[in-house]
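For clarity, every value in this text was computed on a predicted model and none was experimentally measured.
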Amino acid sequence: MVGSIKAVNHHNNGCGLEEKLDELRSLLGKADGDPLRIVGVGAGAWGSVFAALLQDSYGQFREKVQIRIWRRPGRAVDRATAEHLFEVINSREDVLRRLIWRCAYLKYVEARLGDRTLFADEILKDGFCLNMIDTPLCPLKVVTNLQEAVWDADIVVNGLPSTETREVFEEISQYWKERITAPIIISLAKGIEAALKPVPRIITPTQMINIATGVPLENILYLGGPNIASEIYNKEYANARICGADKWRKPLAKFLRQPHFIVWDNSDLVTHEVMGGLKNVYAIGAGMVAALTNESATSKSVYFAHCTSEMIFITHLLAEEPEKLAGPLLADTYVTLLKGRNAWYGQMLAKGEISRDMGDSISGKGMIQGVSAVGAFYELLSQSSLSVLHPDEKKPVAPVELCPILKTLYKVLIIR
């Protein structure tokens, strides 16, 4: 049995990868000599890991695929982070040898001494994500000019926060005006915007991309799941779902699937995106509960029961035929409440180690998506036009009145 598993994994890591790549190239009508161009937009932890996973798997087939990632230039690495980065490099012999071989080690020595300033796009080329210093990645092809990165891309992976997705894709749309065929877009973003007119509704990241670019919704997919970026890159077993129209989700699920990262497919795009935004909201509360109760298992389980009830209530209100909170959806919520930047943020707030005055973007962690999502969901669910019958008072109330955790998080995070 063990031998058969090894054989399967060996096949997946060898010719099986090239077969999957050839299948996707064929579906996209790629001719020989014309590489499949995959571009990650945004280089946060998950966006960088996603690009690195693809590079690790398919980067060996240079004539058939080109993988690159875009991030904004100019973000400086502070002295403390440079010192920590130097410690990480010297603790990993494989990384140390790689940097010496690439003649890149000296600049990290100089940065540690304060004799040189490193930049985020510069270290990303060597495999270091500023939001995930402790997890070295493979070297990546980094582009800092957005037009150069995306103009001829076949597949674009949105690794931006939801709060930046619309703005960046509006700029990208300017570079696609002459395109004959629409690219495929895979969005990793979790979060929503609230639109109140003409009727109250949510706008998810895939919808933001559709509005900004005009790319058909059948070409825009969402990938999410119980994913902690650093753990996935370290090959801890994980799974995810890619959601969207039939045309692309099954071929992409097969292309993205790896022995340690199992990708399933699902048609319910809206539910998964709504839940992706909600889990970050309630993860902040989970972190607060963990800190304020000294990691009480009982208190955390009570919170889990109440927050999942609210999440189900909200999802059923906002999605026409929502999928049940089960399987990967429940697992995604569970892992985010246990560990992740939003849960960490709630813990640090409750302990007084950070304050709201520091904003939503925290050094070493990136954007705390749950904060903006609290505001969006609260604003949307406060609309009287969405009123529901109060189960005890038997009168119409705004849905937010039946969401005590969301109301409390709004008071703490938005009203302060």
Side-chain angles (χ1 to χ4, degrees), residues 39-52 55 67-92 95-96 98-150 157-165 167-169 171-172 188-189 229-230 233 340-342 344-345 348 353-369 371-372:
V39 178
V41 175
W46 187 208
S48 296
V49 163
F50 197 85
Q55 179 64 35
I67 300 161
R68 55 191 189 267
I69 188 168
W70 170 83
R71 72 152 295 136
R72 292 183 178 90
R75 174 88 180 268
V77 178
D78 61 57
R79 173 80 179 273
T81 302
E83 291 176 350
H84 180 52
L85 181 55
F86 185 76
E87 293 172 0
V88 171
I89 290 168
N90 284 282
S91 69
R92 292 276 300 266
V95 177
L96 182 60
R98 186 180 78 202
L99 291 175
I100 292 173
W101 182 79
R102 291 164 60 95
C103 300
Y105 180 67
L106 182 59
K107 67 184 179 186
Y108 293 97
V109 176
E110 293 173 340
R112 174 180 175 269
L113 297 172
D115 295 336
R116 176 174 179 159
T117 299
L118 296 170
F119 293 92
D121 55 290
E122 175 186 13
I123 66 171
L124 188 61
K125 293 176 183 178
D126 292 326
F128 302 106
C129 171
L130 193 56
N131 295 341
M132 200 176 52
I133 291 296
D134 290 310
T135 305
L137 309 174
C138 62
L140 293 170
K141 169 67 176 176
V142 181
V143 181
T144 55
N145 181 293
L146 185 57
Q147 181 175 5
E148 178 188 345
V150 304
V157 179
N158 175 34
L160 296 162
S162 61
T163 49
E164 298 177 19
T165 293
E167 177 187 353
V168 173
F169 275 87
E171 181 179 348
I172 288 174
L188 311 178
S230 60
Y233 195 74
R341 73 185 72 178
N342 290 279
W344 171 88
Y345 182 77
M348 295 299 102
E353 295 185 18
I354 62 174
S355 73
R356 281 292 295 122
D357 293 334
M358 295 172 66
D360 302 346
S361 184
I362 306 297
S363 177
K365 292 291 182 180
M367 180 62 69
I368 308 300
Q369 287 287 153
V371 178
S372 64

Is any side-chain heavy atom of [X] closer than 4.5 Å to a side-chain heavy atom of [Y]?
X      : Y      : result
Asp121 : Arg75  : no
Val49  : Met132 : yes
Leu130 : Thr81  : yes
Trp344 : Lys365 : yes

For [X], which residues count as a side chain to side chain donor-acceptor pair (under 3.5 Å) partner, sequence neighbours excluded?
X      : answer
Ser48  : none
Asn145 : none
Glu171 : Tyr175
Arg98  : none

Val77 vs Glu122, side-chain contact (heavy atoms from CB on, under 4.5 Å): CA-CA, chis, key distance, verdict: CA-CA 10 Å; Val77 178; Glu122 175 186 13; over 6 Å; no
side-chain contact (heavy atoms from CB on, under 4.5 Å) involving Thr117 - partner list, sequence neighbours excluded: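 Testing Thr117 for side-chain contact (heavy atoms from CB on, under 4.5 Å), a comparison that skips the adjacent residues, returns Ala76, Phe119.
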For Arg72, all residues meeting side-chain contact (heavy atoms from CB on, under 4.5 Å), sequence neighbours excluded: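 For Arg72 the side-chain contact (heavy atoms from CB on, under 4.5 Å) partners, ignoring immediate neighbours, are Trp70, Glu164, Val168.
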Nearest heavy-atom neighbours spanning Ala189 and Leu160: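 Nearest pair, atom of Ala189 first, then Leu160: CB-O, 3.4 Å.
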Salt bridge (Lys or Arg N to Asp or Glu O under 4.0 Å) partners of residues 80-89, not counting sequence neighbours, each pair once: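 Every pair satisfying salt bridge (Lys or Arg N to Asp or Glu O under 4.0 Å) with a residue in residues 80-89: Arg79-Glu83.
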Please tabulate, for the side chains in residues 133-144, all donor-acceptor contacts under 3.5 angstrom to protein atoms that are two or more places apart in sequence or on a different chain.
unit_1: Asp134; atom_1: OD1; unit_2: His84; atom_2: NE2; d: 2.7

All ring-ring contact (aromatic ring centres under 6.0 Å, His included) counterparts of Phe50, not counting sequence neighbours: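 Phe50 satisfies ring-ring contact (aromatic ring centres under 6.0 Å, His included) with Trp46 only.
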Can I get a per-line list of side-chain donor-acceptor pairs under 3.5 Å for residues 103-115, giving both atom names and the distance, sequence neighbours left out?
unit_1: Tyr105; atom_1: OH; unit_2: Asn90; atom_2: OD1; d: 3.0
unit_1: Lys107; atom_1: NZ; unit_2: Asp126; atom_2: OD2; d: 3.1
unit_1: Tyr108; atom_1: OH; unit_2: Asp126; atom_2: OD2; d: 2.6

